[in-house]
Amino acid sequence: MVLLFQQDTTPPSRRPAARALLPRRPVRAVAAPALGAVSALVALAAVPAVAAPAVPPPVRPEDRAGDHLTVAVQRAGSGLDGTYELLCHPDGGSHPDPAGACRALDGLTQWGRDTFAPVAPGSMCTMIYGGPATAHVTGTWAGRPVDAVYDRSNGCEIGRWDRMVPLLPKLGPA
């Protein structure tokens, strides 16, 4: 154990005589092993790091950040039905417009809100039928699981579908 003492800097002429006879008092005790650990860390900091590769490895499908959706569209019409894969950040997959779909989803995504939420229960919706088209979206978006069903059974559902264009196909009036 190493002891450190505080030195009295008061000039002897100003010190009381009794105090001049008192031994110095310890200020702080530092364990010798702790000093050894500190010196070892300082020595390690001086060692140069091993050269890291300048370019990250290529992105594999399993390394993607989680923005991966599967869109299954039925009864939307000729050339619109099918199952599509959508990858975002970077954009890709078999979706007809991956860049547009990813851009639209990015614009709809807000912290604390479910981008794919169903129409709220008790909503007042116009009774307009938008056709028999349905869509099922599954996967992961912004780190959260997605399992959403879309149809065009009333004005609220039509609006919900239309907000997801171009993820979902653009449809005209039924």
Can you find a pair of side-chain heavy atoms, one from [X] and one from [Y], that are under 4.5 Å apart?
{"X": "Phe116", "Y": "Val137", "answer": "yes"}
{"X": "Pro169", "Y": "Trp161", "answer": "yes"}
{"X": "Thr140", "Y": "His68", "answer": "no"}
{"X": "Leu86", "Y": "Cys102", "answer": "yes"}
{"X": "Thr134", "Y": "Tyr150", "answer": "no"}

Task: Expected output: side-chain Asp97 to main-chain Leu167 donor-acceptor under 3.5 Å - done: no

Task: Donor-acceptor contact present, side-chain Arg152 to main-chain Ile128, <3.5 Å - done: no

Open item on the list: Please enumerate all residues that pass salt bridge (Lys or Arg N to Asp or Glu O under 4.0 Å) together with Asp106, with sequence neighbours excluded.
Closed with: none

Measuring from atom [atom1] of [X] to atom [atom2] of [Y], what distance do you get when rounded to the nearest 0.5 angstrom?
{"X": "Cys156", "Y": "Met127", "atom1": "SG", "atom2": "CE", "result": "9.5 Å"}
{"X": "Cys125", "Y": "Arg160", "atom1": "SG", "atom2": "CZ", "result": "11.0 Å"}
{"X": "Thr126", "Y": "Glu157", "atom1": "OG1", "atom2": "CD", "result": "11.0 Å"}

When the side chains of residues 69-76 are checked against the rest of the protein, which donor-acceptor pairs come out under 3.5 Å, sequence neighbours left out?
| from | atom 1 | to | atom 2 | distance (Å) |
| --- | --- | --- | --- | --- |
| Thr70 | OG1 | Glu85 | OE1 | 3.2 |
| Thr70 | OG1 | Glu85 | OE2 | 3.0 |
| Arg75 | NE | Pro132 | O | 3.3 |

Open item on the list: side chain to side chain contact (heavy atoms under 4.5 Å, CB included) for His136 and Asp147? Distances and angles first, verdict last.
Closed with: CA-CA 7 Å; His136 188 194; Asp147 188 357; 2.5 Å; yes

TODO: Take Leu171 and Leu80, measure what side chain to side chain contact (heavy atoms under 4.5 Å, CB included) needs, and give me the verdict at the end.
DONE: CA-CA 9 Å; Leu171 302 176; Leu80 301 175; 3.5 Å; yes

- [ ] Sequence neighbours left out, what passes side chain to side chain contact (heavy atoms under 4.5 Å, CB included) with Thr115? Give chain and number order.
- [x]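 Residues passing side chain to side chain contact (heavy atoms under 4.5 Å, CB included) with Thr115: Leu105, Leu108, Thr109, Trp141, Met164.
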
